[in-house]
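Below is one structure, written out as structure tokens; the observations come after it.
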Amino acid sequence: MFQVNRKDAGGRYIDAEGEYTVSVTKVEENLDPKGREVCKVTFTTGEGASITDRFLNQENTWFRVNQLVAATNHNVPDGTQVDFLGVKGSYANFLKSMIGLELVITTRFEEYEYNGEKKKTLRLKGMKAVAPVAAETEEKPF
């Protein structure tokens, strides 16, 4: 069923370096050319601009999943174990459980070479928790 969503009206992308408060909005799972599970995670600002990042299901990159858990304040207790390599779909399902959660990302331009040509792209370089909103204090006269 169709649902009106003005934030989904255009293909706007985060296109500048900086810090952005975003939500995890989509997780798409695939296999890379080597047959490894990889999830493309989409992060979207409140204004609808987005950026994607790839999360490879490989032990030496799981620290990034822990960074995402910490940055989103995901309601998963420390010490929880998930068999990402042994249980098909568990990696994507774990990442999908963070859809809707907020965090702050840092983006930076990165240069790379492709077919001998230098190119530049915007990459997600950091994740952290959204700063808690300070409670407004009521001023009392002396």
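Numbering of residues begins at 1 and proceeds along the displayed sequence. Because the structure is a prediction, the values reported are computed rather than measured.
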Any donor-acceptor N/O pair, T45 side chain to E47 backbone, under 3.5 Å: yes
Determine, for R123 against D53, whether the closest basic-nitrogen to carboxylate-oxygen distance falls under 4.0 angstrom. no
Run the numbers on F94 and V65 for side chain to side chain contact (heavy atoms under 4.5 Å, CB included), then give the verdict. CA-CA 9 Å; F94 188 80; V65 177; 3.7 Å; yes
Please collect all salt bridge (Lys or Arg N to Asp or Glu O under 4.0 Å) contacts where either partner lies in residues 79-96, sequence neighbours excluded, each pair once. E29-K96
The side-chain hydrogen bond (donor to acceptor under 3.5 Å, both in side chains) partners of N57 (sequence neighbours excluded) come to E37, W62
Could you pull out all donor-acceptor pairs under 3.5 Å where a side-chain atom in residues 99-108 meets a protein atom, sequence neighbours excluded?
unit_1	atom_1	unit_2	atom_2	d
T107	OG1	A16	O	3.0
T107	OG1	G18	N	3.3
T107	OG1	G18	O	3.4

Test salt bridge (Lys or Arg N to Asp or Glu O under 4.0 Å) applied to E111 and K120, step by step: CA-CA 4 Å; E111 289 186 0; K120 193 169 155 180; 5.4 Å; no
Does K118 have any side chain to side chain contact (heavy atoms under 4.5 Å, CB included) partners at least two apart in sequence or in another chain, and if so, which? none
Rounded to the nearest 0.5 angstrom, the CG-NZ distance for L95 and K40 is 14.0 Å
For K125, give me all partners under side-chain hydrogen bond (donor to acceptor under 3.5 Å, both in side chains), at least two apart in sequence or on another chain. E110
What residues, two or more places apart in sequence or in another chain, satisfy side-chain hydrogen bond (donor to acceptor under 3.5 Å, both in side chains) together with N30? none
For V82 and V87, run side chain to side chain contact (heavy atoms under 4.5 Å, CB included): C-alpha distance rounded to whole Å, both residues' side-chain angles, the deciding distance at 0.1 Å, then the answer. CA-CA 9 Å; V82 183; V87 179; over 6 Å; no
Report the distance from atom OG1 of T52 to atom CD of E28, rounding to the nearest 0.5 Å. 8.5 Å
Between SG on residue C39 and OH on residue Y91, distance to nearest 0.5 Å: 6.0 Å
Could you tell me if S50 and T44 have a donor-acceptor pair between their side chains, going purely by distance under 3.5 Å? no
State whether the side chain of T61 and the backbone N or O of L56 hold a donor-acceptor pair below 3.5 Å, judged by distance alone. yes
Hits for side chain to side chain contact (heavy atoms under 4.5 Å, CB included) against Y114, two or more places apart or cross-chain, chain-then-number order -> Y112, K119
Could you state the interatomic distance from CD (E19) to OG1 (T21), rounded to the nearest 0.5 Å? 8.0 Å
Connected via hydrophobic side-chain network under 4.5 Å: V24 and Y13: no
Closest non-hydrogen atoms of A92 and V27, given as atom of the first, atom of the second and distance, are O-CG1, 4.2 Å
If only side-chain N and O atoms count, and only distance matters, is there a donor-acceptor pair under 3.5 Å linking Q58 with N60? yes
Name every donor-acceptor pair, under 3.5 Å, that has one atom in a side chain of residues 68-78 and the other anywhere in the protein, sequence neighbours excluded.
unit_1	atom_1	unit_2	atom_2	d
T72	OG1	L68	O	2.9
T72	OG1	V69	O	3.3
T72	OG1	H74	N	3.4
H74	NE2	S97	OG	2.9

With sequence neighbours left out, write down each residue that passes salt bridge (charged side-chain N to carboxylate O under 4.0 Å, His left out) with E17, or none if nothing qualifies. none
Salt bridge (charged side-chain N to carboxylate O under 4.0 Å, His left out) involving K26 - partner list, sequence neighbours excluded: none
Residue set satisfying salt bridge (charged side-chain N to carboxylate O under 4.0 Å, His left out) with R54, at least two apart, ordered chain then number -> none
Transitive ILVMFWY cluster of L31, excluding itself - 4.5 Å side-chain cut-off: none
Has the side chain of D32 got a donor or acceptor atom that lies under 3.5 Å from a matching backbone atom of K34? yes
For residues V38 and M127: do they belong to one hydrophobic cluster (side chain heavy atoms under 4.5 Å, members Ile, Leu, Val, Met, Phe, Trp, Tyr)? no
